[in-house]
Structure formats: structure tokens, C-alpha cells
There are 2 protein chains.
Amino acid sequence: MNVTTFSALAEPNRLDIVHLLREGPLPVGEIAGRLELNQPQTSKHLRVLSDAGLVEVQAAANKRIYSLRAEPLEEMNTWLDSFRSMWEDRYDQLDAYLQQLQHKKEDS
Amino acid sequence: MNVTTFSALAEPNRLDIVHLLREGPLPVGEIAGRLELNQPQTSKHLRVLSDAGLVEVQAAANKRIYSLRAEPLEEMNTWLDSFRSMWEDRYDQLDAYLQQLQHKKEDS
DNA sequence: TTTTCATATTCCTTTACAGGAATATTCCGA
DNA sequence: TCGGAATATTCCTGTAAAGGAATATGAAAA
């Protein structure tokens with residue numbers, strides 16, 4: 001797992017940008033406007049996200065359209081696999097417990 | 001999604017600690033030893049991870065045993081749900097493509 | 001080819017954070 | 001209760017990163 005991904009997402013405004021881009025690609029001005037950020041800082045944040053591979057740019061006239069890239073999030077998902085048993089085990093135990101309750105109920 | 005989680009994981013040594021703790025709970029000294037970190041920095045990193053809820057402590061004699069906590073990772077997993085369609089769609093398309101290939105093969 | 005719009009970059013300042021070294025704290029055993 | 005082991009905290013310093021303001025770049029329109 002690449003720390004750069006976490007590092008890029010560790011900044012509130014950048015996380016907001018990522019959330020916003022879930023709805024679809026947007027030009028810089030739109031992003032800045034909706035999140036009430038100044039244009040320069042928006043560009044800077046997009047640079048960081050771009051370096052981390054979380055977004056990609058596409059030029060359209062004098063606009064630059066940013067969109068989300070799946071790879072880093074996919075990697076994060078794969079990374080989570082190695083932890084998933086932690087909570088799934090818990091659910092299994094809860095399952096077992098609930099079933100036990102069910103049996104008791106049937107007995108009574 | 002809490003930025004604190006990302007922020008805590010955005011540091012290489014801390015990510016290593018988390019990885020190490022996948023194998024099970026460990027006292028500070030063990031962690032420091034295995035990762036070749038100094039004890040004070042190890043404690044500091046563990047503090048950050050603890051504040052982020054990624055680990056928890058249990059006192060045992062004069063040792064302090066740290067272990068992973070599932071919650072933040074579970075939250076991250078849930079958070080990823082809102083992106084999951086991004087790559088699943090891709091796989092669907094790949095699926096469709098592969099099936100198409102299969103059909104062509106059958107035709108020939 | 002100017003002007004204008006959209007975006008990127010630079011410079012500056014402030015703040016947060018990481019590591020090193022030293023020290024404080026806490027608990028156990030003699 | 002004293003010494004020592006395990007861990008936490010503090011102080012210091014260097015560095016990276018964020019925001020503000022100004023400016024540079026690049027493409028479109030006039």
C-alpha cells in the first residue's frame with residue numbers, strides 16, 4: 001500500500017474534492033466554486049491528488065477537466081483485505097450468538 | 001470518513017506498525033525492535049495511531065500491549081463503497097468484452 | 001495580435017510534524 | 001523502599017506543507 005494515497009487524502013479540502021468528483025468530472029473553476037476554495041489552492045490540491053494518481057486531467061479548450069481514477073482506491077480496497085477478517089470474525093461471532101439466542105427461543 | 005485515519009496512516013513507520021500488528025498484539029519494545037525504531041519515536045507513533053483509534057492499549061505488568069482496532073478500517077471499507085462502482089463497472093465491461101470474445105470464438 | 005478567461009506556478013509566512021536526545025513516569029522484584 | 005526495566009513525555013531543531021497574494025502560462029475570442 002502506497003502512503004502517498006493516504007497522505008493525499010489526509011487533507012480535508014482534498015478529501016472534499018475527491019468526494020465532489022464522485023458525481024463526475026469537473027473543471028477547476030467548478031471545484032473551487034462549489035467548495036468555496038480559491039483557485040490557486042484548488043490547483044495546488046489537484047496537483048497533489050494528481051501526483052498521487054487519484055485524479056487525472058483532460059484538457060478541453062482552455063479548461064482542464066479533472067476526474068477520479070480508480071486505481072489507488074482499488075489498491076486500498078485490496079489492502080483492506082488483509083484486515084477484513086478482523087471485523088468479519090466479529091460478525092461471525094455475532095451471527096453465532098444470534099443463532100444461539102434463536103435456538104434458546106425455540107427451546108422455550 | 002475521518003481524515004485522521006488517513007493522516008495517521010500517511011507516515012511510513014506508522015503504516016509499518018499497523019502491518020506488524022496484523023499478526024497480533026505486541027508490546028512497545030517488540031514493535032520498536034522489529035521495525036528498528038527507537039523506543040521514544042515508537043511510543044509517539046503509537047500515540048498518534050491510538051488517537052486515531054487504530055490501535056488500543058492493554059497494560060500487562062510494566063508492559064503495554066498494543067493491538068489493532070477494526071473500526072477505522074471498517075469505516076474506510078464503508079467509505080470505499082461509494083467508489084466501488086468505479087472499478088466494478090470496469091470489470092463489468094471487461095466481462096462483457098470477454099464474453100463477446102467467447103462468442104466470436106464459438107462462431108468461428 | 002491584443003485582450004480575456006481559465007488555470008498553474010512562485011514566493012512568502014506560518015504551522016504541524018518527524019527524529020534525536022534527555023528526562024519523567026510507572027510498575028515490578030529484591 | 002530502592003533499583004531497574006519498559007514506556008511516555010518534553011524540548012529542540014529541521015523540514016514539509018498549507019494558505020494568501022501576486023504573477024506566469026496558454027488557449028480562445030474579439
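Lettering follows sequence order; numbering is per chain, from 1. Keep in mind it's a predicted model, so treat the numbers as computed, not measured.
Whole-Å rounding puts the B:L49 CG to C:dC17 P distance at 13 Å. In this structure, B:Q39 atom CD and C:dA22 atom P are separated by 14 Å, rounded to whole Å. Atom CG in B:N62 sits roughly 15 Å away from atom C1' in C:dA24 (whole-Å rounding). If you take CG of B:L15 and P of C:dA18, they are 13 Å apart, rounded to a whole angstrom. Atoms CZ (B:R64) and P (C:dC28) sit 12 Å apart, rounded to a whole Å. Note: CD1 (A:I65) to C1' (D:dA27) measures 14 Å, nearest angstrom. Whole-Å rounding puts the A:F6 CZ to C:dC17 P distance at 18 Å. Taking atom CG on B:D51 and atom P on C:dC17, their separation rounds to 11 Å, with Å as the unit.
The side chain of B:R47 contributes no N or O atom lying less than 4.0 Å from OP1 or OP2 of D:dA8. Contact between the side-chain N/O atoms of A:Y66 and the OP1/OP2 oxygens of C:dA8 is found at a separation under 4.0 Å.
Within the structure, the side-chain hydrogen bond (donor to acceptor under 3.5 Å, both in side chains) test picks out the following pairs touching residues 49-66 of chain B (sequence neighbours left out): B:R47-B:D51. The list of salt bridge (Lys or Arg N to Asp or Glu O under 4.0 Å) pairs with a residue in residues 7-28 of chain A, not counting sequence neighbours, reads A:E23-A:R34.
Every residue two or more places apart in sequence or in another chain that forms a side chain to side chain contact (heavy atoms under 4.5 Å, CB included) with A:S85 is listed here: A:D89. For A:Q41, there are no side-chain hydrogen bond (donor to acceptor under 3.5 Å, both in side chains) partners at least two apart in sequence or on another chain. Legend: residues meeting salt bridge (charged side-chain N to carboxylate O under 4.0 Å, His left out) with A:E75, ordered by chain and number and at least two apart, are absent. Scored by the side-chain hydrogen bond (donor to acceptor under 3.5 Å, both in side chains) test, A:N77 finds A:R84, B:R84 as partners (sequence neighbours excluded). In this view, A:P40 and A:N38 satisfy the side chain to side chain contact (heavy atoms under 4.5 Å, CB included) rule, not counting sequence neighbours. Residues forming a side chain to side chain contact (heavy atoms under 4.5 Å, CB included) with B:A32 (at least two apart in sequence, or on another chain): B:T42. Applying the side-chain hydrogen bond (donor to acceptor under 3.5 Å, both in side chains) test to A:S67 and every residue at least two apart in sequence or in another chain returns nothing.
Linking Ile, Leu, Val, Met, Phe, Trp and Tyr whenever their side-chain heavy atoms come within less than 4.5 Å leaves B:V48 and B:I17 in two separate clusters.
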Does the pair A:W79 and A:F83 meet the rule for a ring pair (Phe, Tyr, Trp, His ring centres under 6.0 Å), with working shown? CA-CA 8 Å; A:W79 178 73; A:F83 299 95; 4.7 Å; yes

Enumerate the protein-to-nucleotides 11-20 of chain D contacts in which both atoms are nitrogen or oxygen and the separation is below 3.5 Å.
from   : atom 1 : to    : atom 2 : distance (Å)
D:dA18 : OP1    : A:R14 : NH1    : 3.0
D:dA18 : OP1    : A:R14 : NH2    : 2.7
D:dG19 : OP1    : A:N13 : ND2    : 2.7
D:dG19 : OP2    : A:H45 : NE2    : 2.8
D:dG20 : OP2    : A:N38 : ND2    : 2.9
D:dG20 : OP2    : A:Q41 : NE2    : 3.3
D:dG20 : N7     : A:Q41 : OE1    : 3.4
D:dG20 : O6     : A:K44 : NZ     : 2.7

Please list, for nucleotides 13-16 of chain C, all pairs of protein and nucleotide N/O atoms separated by less than 3.5 Å.
none

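Of the residues in residues 16-34 of chain B, B:P27, B:V28, B:G29 come within less than 4.0 Å of DNA chain D through at least one heavy atom, sorted by number.
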